[in-house]
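Just so you know, residue 1 is the first one in the sequence shown, and it goes up from there.
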Amino acid sequence: MLKPKYTMRDIYGDVVFSARPAHEDNPWMPSPEKLNALSARESLIAGVPVLVHEATQTDKARKIFELVGLSFPEQPYVYNSKQQYDEVLKKWSAEKQQIVLQYIHDEDTVDRDAYWMDAELLNYLNSKAYLRDIVPDRYVVEREVVESKNLEQALEKWSLPFVLKPGDETPTAGGHGVQICHTDEQLAVAKGLFSQEGAEKVIIEKYVKELENYSCQYAYSPKIGLQYLGTSVQITDDEGMYAGNVMVDNIPEEVIQAGLEIMQAGVDKGYIGIAGFDLLWTEDQEVRAIDLNFRLNGSTSMLMYAESLGHPVAKFFTYDATTPDDNEAFYNVISDYVAQGVLLPLSYYDGDVFDEKQKSSFVCIWHAFSLEDIEKYEEAMYATGHVISQ
């Protein structure tokens, strides 16, 4: 029977939840359409009300869950605009609900005392600038946080390759804003980007060549204590952009221990909930922490379902229809794999509900006996011409 190891209710208690960042413009986030598509990503592991976009609640979405014998995680709180989204959050605040948010919102929308934990602490723990405050020194990559106006001067002390990241408290996700610089040309592009977007601070970080890039995840609440949820290999492209997670075995114990120490540091400061940390395992068999996510991660649902999937290998990813005109064919292609029992749906975003159609999107977990099997499924899916990666 498909059942998660923990639900959000098990960890957070009687709360309400929104995965979406606030609607304000943010250059370090995916597009608004993508954020709306991801709003229901955690519904299957929630066990609590989730604020989701209406395009995730259609008959097509319902039917795709029924293909694997799962009850559709229908949600009582739905939005289709910034105004509706904010109205629900204001309603929750007025009702004194305990609200779990991935990212801090404006005080005019959510009262600071409505968060399930200290809101300012949540913001602090997720800021890339304060990583050194939280991570034990032996796991910290050489780094420097500088005012943008002083970036040129600071870079005189650095030699390529290195990584530049936004260093203010603006939330980030999916590798957006991370600029890996191997060449002077890449550095020029990165500096132009940070200047264009008006970043107040920039992080300069030593480039570390890893053997693996792990996402280690943990959960803590007074009810369950500190629990290790599992680890996946995080797939990124040459530019550092996120491209999915694959569940793996034989994780170096040093990696799990490093994550445990970082999680404990967050708990000691007052954190409650799920968190995941990007940890590099280097050629020297050392652990280096490059990003902290004191929130649910994209692959959290995969780790929660790992024990009940019935296959030893799993991959979390998101797919889009190639164009809005491909939506129907896209739905039929993914439905076929769901019906085969190798693809677990997490959410379906129906692009046909809009007056001006958008591309449909599908968040899912592949599960099979080998990664090669999953790669063959993906290749065949892409070969239809109706499916592209996120």
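- A donor-acceptor pair shorter than 3.5 Å cannot be found between the side chains of N332 and S335.
- Judged purely by atom type and a 3.5 angstrom limit, D118 uses its side chain to pair as donor or acceptor with the backbone of E120.
- The side-chain contact (heavy atoms from CB on, under 4.5 Å) test with L292 singles out one residue from L125, V135, N126, and that residue is V135.
- Atom CD1 of I180 is separated from atom NZ of K165 by 9.0 Å, given to the nearest 0.5 angstrom.
- Judged purely by distance below 3.5 Å, without hydrogens or angles, the side chains of Y85 and S18 pair a donor atom with an acceptor atom.
- Proximity of I134 to Y124: side-chain heavy atoms (C-beta onward) are separated by under 4.5 Å at one or more points.
- At least one donor-acceptor pair under 3.5 Å links the side chain of S221 to the backbone N or O of I11.
- Between V363 and Y348 the shortest side-chain heavy-atom distance does not fall below 4.5 Å.
- A donor and an acceptor atom, one from each side chain of Y79 and D86, are nowhere located under 3.5 Å apart.
- Put simply, CG on N297 and CE on M302 are 10.5 Å apart, with the number rounded to the nearest 0.5 Å.
- A donor-acceptor contact shorter than 3.5 Å links the side chain of R9 to the backbone of G47.
- Of all heavy-atom pairs between L343 and F362, the closest is CD2-CE2, 3.6 Å.
- Within the 4.5 Å cutoff, the side chain of Q234 has no heavy atoms near those of the Y214 side chain.
- Counting only N and O atoms by type, the side chains of S301 and E42 include no donor and acceptor under 3.5 Å apart.
- Contact between R143 and E205 at its shortest, heavy atoms only, is NE-OE2, 3.3 Å.
- The local environment of CD in E307 is sparse, with at most 12 non-hydrogen atoms from other residues, nucleotides or ligands closer than 6.0 Å.
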Evaluation steps, side-chain hydrogen bond (donor to acceptor under 3.5 Å, both in side chains), between Y228 and Q217: CA-CA 6 Å; Y228 170 60; Q217 297 186 41; over 6 Å; no
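- Residues passing the side chain to side chain contact (heavy atoms under 4.5 Å, CB included) test with T183 are E185, Q186, sequence neighbours excluded.
- In this structure a side-chain-to-backbone donor-acceptor pair under 3.5 Å is missing from T322 to D326.
- In the hydrophobic clustering of ILVMFWY residues, with side-chain heavy atoms under 4.5 Å counting as a link, V163 and I290 come out apart.
- Residues D320 and S361 bring a donor and an acceptor atom of their side chains to less than 3.5 Å of each other.
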Steps toward side-chain contact (heavy atoms from CB on, under 4.5 Å) verdict (L151, K191): CA-CA 9 Å; L151 179 60; K191 289 191 291 188; 4.1 Å; yes
From CA spacing to verdict: side-chain contact (heavy atoms from CB on, under 4.5 Å), T56, D350: CA-CA 6 Å; T56 68; D350 191 347; over 6 Å; no
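- By the 4.5 Å heavy-atom criterion applied to side chains, I274 and R295 are not counted as neighbours.
- What you find for Q75 and V78 is that their closest heavy atoms are O-CG2, 3.8 Å.
- Side-chain contact annotation: N36 with S39, donor-acceptor N/O pair under 3.5 Å absent.
- Aromatic pair H311/F369: ring centres closer than 6.0 Å.
- Here the OH atom belonging to Y305 is positioned 6.5 Å from the CG atom belonging to L2, to the nearest 0.5 angstrom.
- Ring to ring, F317 and Y319 are close: their centroids are under 6.0 angstrom apart.
- Under the 4.5 Å side-chain contact rule for hydrophobic residues, F330 and V338 share a cluster.
- Surrounding CD of Q153 are at most 12 heavy atoms belonging to other residues, nucleotides or ligands under 6.0 Å away.
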Verdict with supporting geometry, E66 and S71, side-chain contact (heavy atoms from CB on, under 4.5 Å): CA-CA 6 Å; E66 292 173 351; S71 297; over 6 Å; no
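- A219 and I224 make their closest contact through CB-CD1, 4.1 Å (heavy atoms, listed as atom of the first residue, atom of the second, distance).
- Hydrophobic clustering (ILVMFWY, side-chain heavy atoms < 4.5 Å, transitive): L280 and Y218 are in distinct clusters.
- Residue W116 holds its CH2 atom at 10.5 Å from CD1 of I99, rounded to the nearest 0.5 Å.
- Following chains of ILVMFWY side-chain contacts shorter than 4.5 Å, one can reach L229 starting from V246, so the two form part of one hydrophobic cluster.
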V233 and N245: CA distance, side-chain angles, deciding distance, side-chain contact (heavy atoms from CB on, under 4.5 Å) verdict: CA-CA 6 Å; V233 169; N245 287 70; over 6 Å; no
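- Side-chain contact annotation: S389 with E378, donor-acceptor N/O pair under 3.5 Å absent.
- With hydrogens and angles disregarded, a donor-acceptor distance shorter than 3.5 Å links the side chain of Y331 to the backbone of K60.
- For the pair D106 (side chain) and D108 (backbone), a donor-acceptor distance under 3.5 Å is present.
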Just list the side-chain donor-acceptor pairs under 3.5 Å for residues 252-264, sequence neighbours left out, or say none.
residue	atom	partner	partner atom	Å
Q257	NE2	E261	OE2	3.2
E261	OE1	R138	NH2	2.4
E261	OE2	R138	NH2	3.0
E261	OE2	Y139	OH	3.0
Q264	NE2	D268	OD1	2.8

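- With Q97 contributing its side chain and S93 its backbone, the two residues share no donor-acceptor pair below 3.5 Å.
- The main-chain N or O of D278 is never found under 3.5 Å from a side-chain atom of S215 such that the two would form a donor-acceptor pair.
- Annotation for K206: atom NZ does not count as buried by contact number, only 12 or fewer foreign heavy atoms lying within 6.0 Å.
- Looking at E372 and K376, no side-chain N of the basic residue comes within less than 4.0 Å of a carboxylate O on the acidic one, giving no salt bridge.
- Enclosure of atom NZ in K63 is not indicated, since only 12 or fewer non-hydrogen atoms of other residues, nucleotides or ligands lie within 6.0 angstrom.
- Residues F294 and F277 place their aromatic rings such that the two centres sit under 6.0 Å apart.
- Side-chain atoms of S43 come within 3.5 Å of backbone atoms of A40 as a donor-acceptor pair (strictly under, hydrogens ignored).
- When every heavy atom of I45 is checked against every heavy atom of P4, the shortest pair comes out as CG2-CB, 4.1 Å.
- In this structure, L122 and Q102 have side chains that are not in contact, with every pair of non-hydrogen atoms separated by 4.5 Å or more.
- Across every non-hydrogen atom of P73 and L44, the tightest pair is CG-CD1, 4.3 Å.
- Aromatic ring centres of F316 and W366 lie farther apart than the 6.0 Å criterion allows.
- Note that CD1 of I104 is 11.5 Å distant from OG1 of T109, once rounded to the nearest 0.5 Å.
- To the nearest 0.5 Å, atom CG of residue L67 and atom CZ of residue R62 are 13.0 Å apart.
- Note on L279 and V141: separate hydrophobic clusters, where clusters join Ile, Leu, Val, Met, Phe, Trp and Tyr whose side-chain heavy atoms are under 4.5 Å apart, directly or indirectly.
- A side-chain donor-acceptor contact under 3.5 Å links E144 and W158.
- Formation of a donor-acceptor pair under 3.5 Å by the D10 side chain with backbone atoms of T7 is found in this model.
- Ring to ring, F354 and H53 are close: their centroids are under 6.0 angstrom apart.
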